[in-house]
Amino acid sequence: MADYKETAAKWLEGDFDQETKMQVLRLRNEDPAGFEDAFYRNLEFGTGGLRGLMGVGTNRMNKYTVGMATQGLANYILSHVEGDDLKVCISYDSRNNSKQFARIAADVLSANGLHVFIFDNIRPTPELSYAIRLKGAVAGVMVTASHNPKEYNGYKVFWSDGAQITSPVDKEIVAEVARITDPSMVKFESGTHCGEIEIMGRDVDEKYMADLLSLTLSPEACARHKDLKIVYTPLHGCGVRLVPECLKRMGFENVIHVPDQDVSDGDFPTVSSPNPEEPSALKMALDKADETGADIVMGTDPDADRCGIAVRDPEGKMVLFNGNQTASMLTYYILSRRKELGTLGEGKYVVKTIVTTELITDICSSFGIPVYNVLTGFKYIAEIVRSREADGEFVCGGEESYGFNVGQYVCDKDAQIACMMVAECAAWAADQGLTLYGLMQKIYKEFGYRKEALSSLVRKGKAGAEEIQEMMRSLRATPPASMCGSPVCKVVDYLEPEKTGLPSSNVLQFFNEAGDVVSIRPSGTEPKIKFYFGAAGDDADAKIEELRHQFVK
């Protein structure tokens, strides 16, 4: 790529709006490091789409980079899909500029002759997945940066099956987007052969909720425990539209809101980060639970595809569950309940990601249910579901990063479904005299205690990206000989697909003889490297800290 100063000069001299040019000048004069970072490369359109800081520049989310990505997507659809009425669905979350970016995407797709369905307001990512198949669309676009900080936005691309794009479609779209090298190549305005733009609204909501409610397994238990107290927060995001309604339709009468966080606001004013994985994000909900004596806390991220929960321990204290615990508990509940109902026959299966707890594997094994392990990212879970639609039934699937799904209505993680299943699981457990905390302890007693944890190192900018690359190179060259005093017995490098049987991915895993595992991967969406720790045995908590000390420096 050209020198970043030359690239910025083209923005100052080219056919860009005056406000953009003024922002470029301010950045150049007031923030030299930020100026370089904004122009030193193009914002990468990766295999899932775009995600980055908002602002001016080639390495930022703005109307020009969104327009270029959309033009590339339109070119791919028109050159690879046959049909006279090719449809694309669009949704967006509550982030700053999400609505603007969604409308730009709609205009560009329409200008290229494609038929666009766009939601009338913010909607969850999983509802977009659902809408794609409902409308018979060839693709979908979700404008969101999921749980990233407020400075970020993103652009996820989905295909006709309702799942995020995977190989080979992902790489082919990436190549098409790369051919759009200048905003002048984008059809920003409708021409004589533009496609229709239609609004989606409550009609899609009703169909979506009806199908989700058909997944429930214990309606009688829900009726018996309709007074269960549930605090719910959408963390200023999309979940506010549908999660409380779904719980209400299940019969739960004590869904308690956190009013300040019901407000859809891209500045996320009450949290430092709108990520239910972060304990601080649920503080207001936890305070509300203590104020009201609630049994459960649920929180969803801005695009409502991830769910975090907290439950009461025997001393009455609210305890946060991590994604591994929630996925394990829900898997145990769903398999147990389906066994009780006699609907756990041949062809059923569960899917999890490689960095998700092996407790799920142990649970499934006890029920005789196979488990598929896939790369990190729910799109790979959806890929297994798609490949087995003709000869199997997807029961459920989860990932450690708070994503979970049940059934085949949605080809992505779905916090609406997760919240419904957590509430239903609590009612089922209550029939047995158990709280959700007690149910989790029962699972540990039956299958053995496991502890998982995640640590991340943030390394921003060009220098940070290079540092992360060097960390991975060093770990490959000199893997650890032991972990927690136990010899490392297996090293898995996912850059070697011929050995793993999975697509190539920049992930390393180290296993020791004691059953502990460490997985390391650079984030594909943020400037950080992630360390996933899994420890087995009664001393697992202590081993987690030892693993952190060994790897996170």
Side-chain angles (χ1 to χ4, degrees), residues 45-50 66-92 101-119 123 125-143 155-181 184-200 203-204 207-208 378-391 408-412 503:
F45 189 94
T47 54
L50 295 171
V66 167
M68 291 167 69
T70 307
Q71 184 64 55
L73 174 61
N75 289 350
Y76 179 81
I77 292 171
L78 293 170
S79 63
H80 286 76
V81 184
E82 296 181 358
D84 297 326
D85 185 26
L86 300 177
K87 307 179 184 75
V88 180
C89 293
I90 299 175
S91 185
Y92 56 96
F101 293 158
R103 288 183 170 176
I104 288 168
D107 288 342
V108 172
L109 292 168
S110 172
N112 280 275
L114 297 169
H115 185 164
V116 177
F117 289 92
I118 184 170
F119 276 107
R123 289 300 194 288
T125 292
E127 189 174 2
L128 172 72
S129 169
Y130 178 86
I132 290 168
R133 293 199 288 181
L134 179 69
K135 297 295 186 182
V138 299
V141 172
M142 180 71 196
V143 180
Y155 179 110
K156 295 179 182 179
V157 179
F158 293 73
W159 206 232
S160 57
D161 57 359
Q164 291 186 55
I165 52 175
T166 55
S167 183
V169 173
D170 55 359
K171 294 179 176 62
E172 292 169 353
I173 293 177
V174 168
E176 240 0 296
V177 172
R179 294 187 182 99
I180 308 300
T181 56
S184 63
M185 302 171 70
V186 180
K187 295 180 181 179
F188 279 106
E189 297 180 2
S190 299
T192 56
H193 301 291
C194 64
E196 184 177 0
I197 298 179
E198 290 191 55
I199 303 300
M200 295 185 289
D203 57 325
V204 177
K207 291 183 174 69
Y208 174 58
F378 223 90
K379 65 181 181 178
Y380 295 111
I381 294 178
E383 191 172 40
I384 292 291
V385 176
R386 180 173 63 245
S387 70
R388 292 216 54 197
E389 276 185 326
D391 65 347
Q408 297 181 200
Y409 291 118
V410 172
C411 294
D412 206 344

*Glu198 and His115: side-chain hydrogen bond (donor to acceptor under 3.5 Å, both in side chains), yes or no, with the steps?*
CA-CA 8 Å; Glu198 290 191 55; His115 185 164; 2.7 Å; yes
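- Looking at Val204 and Phe117, their side chains never come closer than 4.5 Å, going by heavy atoms from C-beta outward.
- When side chains are defined from C-beta on, Tyr76 does not count as touching Val177, because their heavy atoms never get closer than 4.5 Å.
- Relative orientation of the Tyr155 and Phe45 rings is perpendicular, given thresholds of 30° and 60° on the angle between their planes.
- Atoms NZ and CD1, on Lys379 and Ile165 in that order, are 6.5 Å from each other to the nearest 0.5 Å.
- Judged by distance alone, the side chain of Ser110 and the main-chain N or O of Ala106 form no donor-acceptor pair under 3.5 Å.
- Here the side chains of Leu114 and Lys87 are not in contact, with every heavy-atom distance at 4.5 Å or above.
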*Quick one: do Val66 and Val108 satisfy side-chain contact (heavy atoms from CB on, under 4.5 Å)? Show the steps, please.*
CA-CA 10 Å; Val66 167; Val108 172; over 6 Å; no
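- For Asp107 against Phe188, the heavy-atom pair with the smallest separation is CB-O, 3.8 Å.
- Considering only heavy atoms from C-beta on, Trp159 stays 4.5 Å or farther from Asp170 through its side chain.
- Within the 3.5 Å criterion, the main-chain N or O of Ala163 finds a donor-acceptor partner in the side chain of Asp161.
- Under the 3.5 Å distance criterion, the side-chain polar atoms of Tyr130 are matched with a main-chain donor or acceptor of Lys207.
- Using a 4.5 Å heavy-atom cutoff, the side chains of Thr70 and Ile104 are not in contact.
- Tyr409 approaches Arg133 most closely through the heavy-atom pair O-NH2, 3.2 Å.
- Taking both residues in full, the closest heavy atoms of Met68 and Ile180 are given as CE-O, 3.0 Å, listed atom of the first, atom of the second, then distance.
- Side-chain atoms of Val88 and Ile77, non-hydrogen and from C-beta on, do get closer than 4.5 Å to each other.
- In this structure, CZ in Arg179 is found 13.0 Å from CD in Gln71, a value given to the nearest 0.5 Å.
- Between Phe119 and Glu127, the closest side-chain pair of non-hydrogen atoms falls below 4.5 Å.
- The CD1 atom of Ile118 lies 10.5 Å from the SG atom of Cys89; values are rounded to the nearest 0.5 Å.
- Between the Ser91 side chain and the Arg123 main chain, a donor and an acceptor come within less than 3.5 Å of each other.
- Between Lys187 and Ala111 the shortest heavy-atom distance is O-CB, 3.5 Å.
- Looking at heavy atoms from C-beta onward, Arg386 lies in side-chain contact with Thr166 at the 4.5 angstrom threshold.
- Checked by atom type and distance alone, the side chain of Asn112 never pairs as donor or acceptor with a backbone atom of Leu109 at under 3.5 Å.
- Of all heavy-atom pairs spanning Ala131 and Met200, the tightest one is CB-SD, 4.0 Å.
- Within the model, atoms NE2 of His80 and CD1 of Ile173 stand 9.0 Å from one another, a figure rounded to the nearest 0.5 Å.
- Rounding to the nearest 0.5 Å gives a distance of 10.5 Å between CG of Leu128 and OH of Tyr208.
- Between the Ser129 side chain and the Gly162 main chain, a donor and an acceptor come within less than 3.5 Å of each other.
- The two atoms that bring Cys411 and Ala382 nearest to each other are O-CB, 3.5 Å, heavy atoms only.
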